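We use all heavy atoms of the structure for the numbers below, so side chains are in, but hydrogens, waters and symmetry mates are not. Only a predicted model underlies this, so the values are computations on that prediction, with no experimental measurement involved. Position 1 is the first residue of the sequence, and the numbers go up from there.
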Amino acid sequence: MSPYLFVLAMEYLNRSLKTLIQNPDFNFHPKYARLQVLHICFVDDLLMCCRADEVSMKLIMGAFDHFSIVSGLQANLEKGSLYITGVPMDFKDKILAELHLTIGKMPLKYLGAPLSIGKLTIHQCMPLIEKIVDRIRSWTSKFMSYTGRLQLIKSVLFEMQT
């Protein structure tokens, strides 16, 4: 029963955050504005995205605080991090003092995939490439036909990349 309750609570959070779309003072993160992505929720992880301006950050944190009050669920701020790029250091310090979060460094890994503010470099992608190559090496020792390996690559490696 508890997984269903968690899903219902996350649906309420999803709807609460989406109300920010109607607020003219809220600004999306520049990379996600076209798609209107506010947050990404996966299992027990939550990524919230907005432009690094004071109004947008207060609005998104206000919606999150409202969710906490209504649901009784509290975020563990010791495990949370704030990632801010392209803003002056005094603004970062002010936001960190208000939110009581640690500041994270980019690039970061999320669910095994590297996230970066710019294009990913080859160096950042190497762990994923090495993981794929290691998986292929174990398959070559098996006696598989070319088409069998091709099908295996399509089904497993593409899913791994996704």
Side-chain angles (χ1 to χ4, degrees), residues 2-133 154 156-162:
S2 66
Y4 296 116
L5 292 174
F6 182 76
V7 168
L8 286 173
M10 291 302 103
E11 182 61 27
Y12 181 80
L13 175 62
N14 178 37
R15 290 174 190 232
S16 297
L17 289 172
K18 286 196 175 188
T19 61
L20 294 175
I21 294 172
Q22 284 84 34
N23 191 328
D25 296 330
F26 180 78
N27 295 308
F28 287 97
H29 185 281
K31 299 267 184 187
Y32 307 120
R34 187 174 59 86
L35 298 172
Q36 294 189 337
V37 173
L38 289 169
H39 66 288
I40 300 167
C41 186
F42 185 77
V43 186
D44 62 349
D45 284 340
L46 176 66
L47 291 168
M48 296 188 298
C49 311
C50 70
R51 183 181 298 266
D53 62 57
E54 194 168 350
V55 174
S56 297
M57 292 181 78
K58 283 187 177 181
L59 285 170
I60 203 164
M61 289 308 294
F64 188 69
D65 290 340
H66 171 74
F67 166 76
S68 294
I69 291 167
V70 169
S71 67
L73 298 172
Q74 295 291 320
N76 186 348
L77 297 180
E78 292 176 5
K79 290 184 178 179
S81 295
L82 182 66
Y83 296 89
I84 304 176
T85 59
V87 296
M89 195 60 186
D90 59 332
F91 178 73
K92 282 184 185 181
D93 293 337
K94 180 181 176 186
I95 294 297
L96 288 173
E98 289 178 18
L99 299 178
H100 308 292
L101 287 170
T102 59
I103 192 154
K105 296 193 189 253
M106 295 294 268
L108 71 122
K109 265 188 156 179
Y110 180 68
L111 300 174
L115 298 179
S116 178
I117 56 172
K119 275 188 162 183
L120 290 173
T121 64
I122 291 173
H123 177 69
Q124 292 167 334
C125 293
M126 281 312 290
L128 181 60
I129 292 169
E130 288 170 2
K131 198 174 182 182
I132 290 171
V133 168
K154 283 182 181 178
V156 176
L157 293 183
F158 289 154
E159 184 64 34
M160 182 189 230
Q161 175 191 1
T162 304

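In this structure, CZ on Phe26 lies 10.0 Å from OG1 on Thr19, to the nearest 0.5 angstrom. Taken to the nearest 0.5 Å, the CE atom of Met48 stands 8.0 Å off from the SG atom of Cys50. Rounded to the nearest 0.5 angstrom, Ile69 CD1 and Gln74 CD are separated by 8.0 Å. The structure places NE2 of His66 at 3.0 Å from OH of Tyr12, a figure rounded to the nearest 0.5 Å. Separating the CG atom in Leu20 from the CG atom in Leu38 is a distance of 6.0 Å, to the nearest 0.5 Å.
The environment of Ile122 atom CD1 is sparse: at most 12 non-hydrogen atoms of other residues, nucleotides or ligands sit within 6.0 angstrom.
No side-chain heavy atom of Arg15 sits less than 4.5 Å from a side-chain heavy atom of Phe67. Using a 4.5 Å heavy-atom cutoff, the side chains of Leu13 and Leu73 are not in contact. Looking at heavy atoms from C-beta onward, Phe91 lies in side-chain contact with Met57 at the 4.5 angstrom threshold.
Ser16 and Ala63 make their closest contact through O-CB, 4.3 Å (heavy atoms, listed as atom of the first residue, atom of the second, distance). Across Ser56 and Asp25, no two heavy atoms sit closer than the pair OG-O, 3.9 Å. The minimum heavy-atom distance between Leu17 and Ile60, with the atom names listed, is CD2-CG1, 4.0 Å.
Taking the six-membered ring wherever Trp is involved, the centroid distance between the rings of Tyr4 and Phe6 does not fall below 6.0 Å.
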